[in-house]
K.L.:
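Before we start, here is the structure in question, set down as structure tokens.
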Amino acid sequence: MTDTRPESAVESDSVQLSDDGVLRIAVASDKAGNSLDRGYFNRGTEVLLQVARGEIKAGAILLIGTGANFCAGGNVRDFAAADDRPDFLGGLAGDFHHFIRALVGADLPIVAAVHGWAAGAGMSLVTHSDVAIGGTSTKMRPAYIGIGLSPDGGLTWSLPRVVGAARARDIILTNRIVDAAGALELGLLSRIVEDDEVLATAEAAASAIAAGPWRALSATRELLTNSPTSTLSDQLDAEAASISALSGQPDGVEGVDAFVGKRKPDFSSVNGK
């Protein structure tokens with residue numbers, strides 16, 4: 001594939017773009033109980049906006065934590081230490097929401113390696129993922145009510161769409177802990193593996209997605225994202241327009257020609273171009 005990324009604009013402690021087209025973004029550092037790292041997700045926002053503008057090419061996004069947990073939520077000690085708590089929380093939520101918008105706006109399949117706890121903002125991130133791999137010890141909790149706050153990160157929008165309105169209200173208002181088995185049943189997790197296999201499994205899933213046709217994957221994710229608020233008629237129109245457009249793109253040409261020629265498609269030859 002053609003690598004159009006400016007390497008210095010991608011590689012950092014929290015964001016890396018692998019040769020196979022997986023954009024790896026760390027959202028929580030190994031400090032403060034693996035809490036949400038503002039520097040990490042602000043860096044992620046910058047790179048994701050470059051992806052949306054076509055300046056960096058990628059086939060999938062992998063969200064990870066860098067400690068024992070995926071993300072244990074915001075650093076509550078920082079909340080308490082702020083001179084002006086409303087101003088601090090408003091700024092933090094604003095920055096985090098820029099990241100969420102950029103994450104969704106990149107229109108790439110999102111894989112999350114959900115090891116340990118996904119609480120507060122961490123749970124919000126899981127609900128925005130397309131494929132969430134958890135371990136047998138994975139646990140989720142909204143956590144906001146427990147510290148006298150309301151949710152952020154789009155949780156009140158995304159959780160009802162994942163688990164249904166009644167279950168979402170129950171989970172958020174009672175500050176319920178959802179274990180791995182419950183998260184799988186509710187659709188918060190896509191798969192459960194052994195705890196020490198979460199990252200490797202998520203990496204393999206992201207790589208497998210990125211090995212596919214990038215334009216078709218992006219278009220499919222956009223269709224799935226828009227479907228909850230679309231009528232059937234509008235969705236049918238959108239699907240027809242999408243499949244028609246893709247048939248003339250390099251992905252569609254290579255895929256169809258490979259099928260007819262009874263060979264495996266080589267999407268790496270057209271991805272990133």
K.L.:
Can you run down the salt bridge (Lys or Arg N to Asp or Glu O under 4.0 Å) pairs that involve residues 143-156, sequence neighbours left out, and say none if there aren't any?
P.N.:
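For residues 143-156: none.
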K.L.:
Looking only at non-hydrogen atoms, find the nearest pair between A202 and V111 and report the distance.
P.N.:
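Looking at all heavy atoms of both residues, the closest pair is O-CG1, 3.7 Å.
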K.L.:
Only pairs at least two apart or in different chains count here, so list each ring pair (Phe, Tyr, Trp, His ring centres under 6.0 Å) that has a residue in residues 125-144.
P.N.:
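Counting only pairs at least two positions apart or across chains, no ring pair (Phe, Tyr, Trp, His ring centres under 6.0 Å) contact touches residues 125-144.
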K.L.:
Within this structure, what is the CD1-OG1 distance for the pair I100 and T45, rounded to the nearest 0.5 Å?
P.N.:
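Answer for the CD1-OG1 pair, I100 versus T45, is 8.5 Å.
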K.L.:
Which residues satisfy the side chain to side chain donor-acceptor pair (under 3.5 Å) test with N175, sequence neighbours excluded?
P.N.:
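Applying side chain to side chain donor-acceptor pair (under 3.5 Å) to N175 gives none.
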K.L.:
Working to the nearest 0.5 angstrom, can you tell me the gap between K57 NZ and L17 CG?
P.N.:
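CG of L17 is found 12.0 Å from NZ of K57.
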K.L.:
Are E203 and V22 packed together at the side-chain level, in the sense that at least one heavy-atom pair is separated by less than 4.5 angstrom?
P.N.:
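E203 does not reach V22 side chain to side chain.
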K.L.:
Not counting sequence neighbours, list each pair that qualifies as a salt bridge (Lys or Arg N to Asp or Glu O under 4.0 Å) and has a residue in residues 60-76.
P.N.:
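Salt bridge (Lys or Arg N to Asp or Glu O under 4.0 Å) check on residues 60-76 returns no pairs.
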K.L.:
Using every non-hydrogen atom in the two residues, find where G120 and A143 come nearest and quote the distance to one decimal.
P.N.:
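For G120 and A143, the tightest heavy-atom pair comes out as N-CB, 4.0 Å.
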K.L.:
Give me each pair satisfying salt bridge (Lys or Arg N to Asp or Glu O under 4.0 Å) with a member in residues 188-197, each pair once, sequence neighbours excluded.
P.N.:
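As it turns out, there is no salt bridge (Lys or Arg N to Asp or Glu O under 4.0 Å) pair with a partner in residues 188-197 once direct neighbours are skipped.
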K.L.:
Does the side chain of D95 reach to within under 4.5 Å of the side chain of R38, using non-hydrogen atoms?
P.N.:
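Yes; the side chains approach each other to less than 4.5 Å.
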K.L.:
As an exercise, state the distance from CD1 of I171 to CE of M123, rounded to the nearest 0.5 Å.
P.N.:
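Interatomic distance, I171 CD1 to M123 CE, rounded to 0.5 Å: 5.0 Å.
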K.L.:
Can you find a side-chain donor-acceptor pair between N271 and S268 that sits under 3.5 Å?
P.N.:
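Result is no, nothing qualifies.
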K.L.:
Is the shortest heavy-atom distance from the side chain of I56 to the side chain of L48 under 4.5 Å?
P.N.:
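They are not in side-chain contact.
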K.L.:
Shared ILVMFWY cluster between L246 and L224, side chains joined below 4.5 angstrom?
P.N.:
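No; tracing contacts between hydrophobic side chains, which count when under 4.5 Å, never links both residues.
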K.L.:
Hey, could you give me each pair passing side-chain hydrogen bond (donor to acceptor under 3.5 Å, both in side chains) that has a residue in residues 113-124? Not counting sequence neighbours.
P.N.:
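Found none.
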K.L.:
Determine, for E254 against R263, whether the closest basic-nitrogen to carboxylate-oxygen distance falls under 4.0 angstrom.
P.N.:
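Counted as a salt bridge, because a side-chain N and a carboxylate O are separated by less than 4.0 Å.
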K.L.:
Using a 4.5 Å cut-off on heavy atoms from C-beta on, say whether the side chain of L62 contacts that of I25.
P.N.:
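I25 does not reach L62 side chain to side chain.
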K.L.:
Please report the closest heavy-atom contact between A180 and G135, naming both atoms and the distance.
P.N.:
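Nearest pair, atom of A180 first, then G135: CB-O, 3.2 Å.
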K.L.:
Below 4.5 Å, heavy atoms only, C-beta onward: do N69 and C71 meet side chain to side chain?
P.N.:
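Contact flag for N69/C71 side chains = no.
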K.L.:
If you take all heavy atoms of P265 and G255, which pair is closest and at what distance?
P.N.:
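Minimum heavy-atom contact is CB-CA, 4.3 Å.
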K.L.:
With sequence neighbours left out, write down each residue that passes side chain to side chain donor-acceptor pair (under 3.5 Å) with E239, or none if nothing qualifies.
P.N.:
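Side chain to side chain donor-acceptor pair (under 3.5 Å) list for E239, sorted by chain: empty.
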K.L.:
Examine distances only and state if a side-chain atom of Q235 and a backbone atom of L223 form a donor-acceptor pair shorter than 3.5 Å.
P.N.:
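Looks like yes, one N/O pair under 3.5 Å.
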K.L.:
To the nearest 0.5 Å, what is the distance between OG1 on T229 and CG on N226?
P.N.:
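Separation between the atoms: 6.0 Å.
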K.L.:
Taking side-chain contact (heavy atoms from CB on, under 4.5 Å) as the test, write out the residues that go with S218, two or more places apart.
P.N.:
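Per chain and number, S218 pairs via side-chain contact (heavy atoms from CB on, under 4.5 Å) with D107.
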K.L.:
Could you check whether atom CZ of R176 has more than 12 heavy atoms from other residues, nucleotides or ligands sitting under 6.0 Å from it?
P.N.:
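Yes - once you tally the heavy atoms of other residues, nucleotides and ligands closer than 6.0 Å, there are more than 12.
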K.L.:
Suppose the criterion is ring pair (Phe, Tyr, Trp, His ring centres under 6.0 Å): which pairs have a residue in residues 12-31, not counting sequence neighbours?
P.N.:
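Sorted pair list comes back empty.
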K.L.:
Not counting sequence neighbours, which residues clear side chain to side chain donor-acceptor pair (under 3.5 Å) with R215? List them please.
P.N.:
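Checked R215 against side chain to side chain donor-acceptor pair (under 3.5 Å); matches are Q249, D251.
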K.L.:
Would I145 and L89 show up in the same hydrophobic cluster when neighbours are defined by side-chain heavy atoms closer than 4.5 Å?
P.N.:
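Shared cluster, no.
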K.L.:
If you look only at pairs with a residue in residues 39-81, which of them pass as a ring pair (Phe, Tyr, Trp, His ring centres under 6.0 Å), with sequence neighbours excluded?
P.N.:
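As it turns out, the ring pair (Phe, Tyr, Trp, His ring centres under 6.0 Å) pairs with a partner in residues 39-81, which skip direct neighbours, are F41-F96.
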K.L.:
So for atom CD1, which belongs to I243, do other residues, nucleotides or ligands contribute more than 12 heavy atoms lying within a distance under 6.0 Å?
P.N.:
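No - once you tally the heavy atoms of other residues, nucleotides and ligands closer than 6.0 Å, there are 12 at most.
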K.L.:
Under a 3.5 Å distance rule, please check whether S207 uses its side chain to pair with a backbone N or O of A204 as donor and acceptor.
P.N.:
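Answer holds: no.
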K.L.:
Which pairs count as salt bridge (Lys or Arg N to Asp or Glu O under 4.0 Å) when at least one residue sits in residues 218-232, sequence neighbours excluded?
P.N.:
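The answer is D130-R221.
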K.L.:
Side-chain heavy atoms nearer than 4.5 Å, only ILVMFWY residues, links allowed to pass through others: does that put I172 and V163 together?
P.N.:
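I172 clusters together with V163.
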K.L.:
State, with a plain yes or no, whether a side-chain heavy atom of N34 is found less than 4.5 Å away from one of S29.
P.N.:
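N34 vs S29: side chains apart.
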K.L.:
A side-chain contact here means heavy atoms from C-beta on lying under 4.5 Å apart; do I110 and L125 qualify?
P.N.:
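Result no, sub-4.5 Å side-chain heavy-atom pair not found.
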K.L.:
Test of understanding: clusters of I, L, V, M, F, W, Y form through side-chain heavy atoms closer than 4.5 Å, transitively. Do I61 and V162 belong to the same one?
P.N.:
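Shared cluster, yes.
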K.L.:
Is the backbone N or O of A240 less than 3.5 Å from a side-chain atom of S244, with the two atoms forming a donor-acceptor pair by type?
P.N.:
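Not at all, since once roles are kept as given, no pair shorter than 3.5 Å links the two residues.
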K.L.:
If I take atom CG from residue L186 and atom CZ from residue R167, how far apart are they, to the nearest 0.5 angstrom?
P.N.:
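Taking CG in L186 and CZ in R167, the distance rounds to 5.0 Å.
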K.L.:
Say you draw a straight line from CG of L36 to CZ of F99; how long is it, rounded to the nearest 0.5 Å?
P.N.:
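Interatomic distance, L36 CG to F99 CZ, rounded to 0.5 Å: 8.5 Å.
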K.L.:
Please report the closest heavy-atom contact between V198 and I133, naming both atoms and the distance.
P.N.:
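Smallest interatomic distance, heavy atoms only, reads CG1-O, 3.5 Å.
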K.L.:
Counting heavy atoms not belonging to R77, are there more than 12 under 6.0 Å from its CZ?
P.N.:
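Count not over threshold, so no.
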K.L.:
If you look at every heavy atom in G59 and I209, which pair is closest and at what distance?
P.N.:
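It is O-CG2, 4.1 Å.
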K.L.:
Under 3.5 Å, is there a donor-acceptor pair between the side chain of S129 and the main chain of A132?
P.N.:
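Judged by distance alone, no pair lies under 3.5 Å.
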K.L.:
Report yes or no: does R85 contribute a side-chain atom to a donor-acceptor pair with the main-chain N or O of A80 at less than 3.5 Å?
P.N.:
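Confirmed, R85 side chain pairs with A80 backbone.
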K.L.:
Got V27 and D37 here, is their nearest side-chain heavy-atom distance under 4.5 Å?
P.N.:
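The answer is no, as the side chains (C-beta and beyond) never meet within the 4.5 Å cut-off.
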